[in-house]
Amino acid sequence: MLQRLRFPVDRSLGRRYPEPEHSYRNAFQRDRDRIIHARAFRRLEAKTQVFTPGLSDHFRNRLTHTIEVAQIARTVASVLGLDEDLTEALALVHDIGHPPFAHAGEQELNRQMNRFGDRFDHNIHALRIVEKFEQRYARFPGLNLTFEVREGMAKHSRDFAPGEIPQLDEYLPGKRPPLEAQLIDLSDEIAYNTADLDDGFSAHLFTAEQVATEVPYYAGIYETVETQFPGATARERFYEALRQLIDALVSGLIEGTVERAAQAGVRSADEVREWPRRLAACTPSAAASSRELKSFLQRHVYSSPVLDADRRRFIAMMAELFEFFLEHPDRLPELYRETAAGQPPHRVVCDYIAGMTDGFFRRTYDQMLGAMPPRP
Ligand code: MG
């Protein structure tokens, strides 16, 4: 459908350190494979998405969430005729910079950095991981990913003007990323809204009827399911409706992007870059339903007492551990201190904590500060 806007892999701006071509994998396929083999990618398995493990073994973690985003984004790229390898590489890497304990962890690290006039941003941290902290090659630091993958990471959440984020100035500020990269944030949103609905239902935070009452888009789907499957259990009805909801949102992203590209009249990947707005978009009704879902999840899941109590506990522990390492830099592993040499102390501590899995954070806290405060 949009083959003309596909980013041509042979026009990639290439790698920071030039490498010979592979005999049968192109540059974006190699990037995807490098990401899958990275340590930071494997650590996603032990990082919280929304629900901390311990309540159930069925909830998403950041790795299974990442696989769901990749599956959605690849489907959309394939239907639109875009580069599936670039899309998949970007989806697989999109959460690699997340610290332990999800957004609460990110906010707390940022709060700690603000004390020093600095900040923590998970997208910028992700770039530091793939450029610096992953050490797998003898000839260069990091994974030496192509420009387009690094650019897509830099622009995951938003585009920026020249000079607005000085450390990202090499990534074509003022221009749009390739359409493949534009799909990731929207696929992420579809994946987490529907997954959090699923996990929240499993955690008995609400019923399917409540969703239908408060999310009009879901109500239409749920009503059809009730007529289609009158004998189904509440759980079966919920899952039937959830599947149809994912399908409708993904279709909304495909249609919305086709419509916006047609209105813009862009004809090539170069024109995608130059267009003043992003072209990847949901149809207005799919976008409205995402907003409804988000506010439902905010009320019933994200602010639920069980998640809130966990959040407060981990924020307090993170602040304590941050302070501990600032005061006792000698307790950081020697190898890590060598890698981080020359950075200001607060940055060294921030990077160290940001790389931790939830499990490693708990063990480190236990080792340095004694037994964790109990679950309230
Ligand atoms: Mg994500």
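Remember, it's 1-based here, ligands and their atoms both numbered in the order they're listed. All figures in this text were calculated on a predicted structure; none of them were measured in a lab.
Put simply, the side chain of Glu292 gets close to the backbone of Tyr217: a donor and an acceptor are under 3.5 Å apart. His65 places no side-chain N or O within 3.5 Å of a backbone atom of Arg62 that could act as its donor or acceptor partner.
Side chains of Tyr365 and Glu320: a donor-acceptor N/O pair is present below 3.5 angstrom, by distance only.
Counting heavy atoms from C-beta outward, Asp198 and Phe238 have side chains that approach closer than 4.5 Å.
For residues 244-268, the set of pairs meeting the side chain to side chain donor-acceptor pair (under 3.5 Å) definition, not counting sequence neighbours, comprises Arg267-Glu271.
Protein N/O/S atoms closer than 2.8 Å to the Mg ion (ligand 1): His65 NE2, His94 NE2, Asp95 OD2, Asp188 OD1.
No more than 12 heavy atoms of other residues, nucleotides or ligands sit less than 6.0 Å from atom CZ of Arg235.
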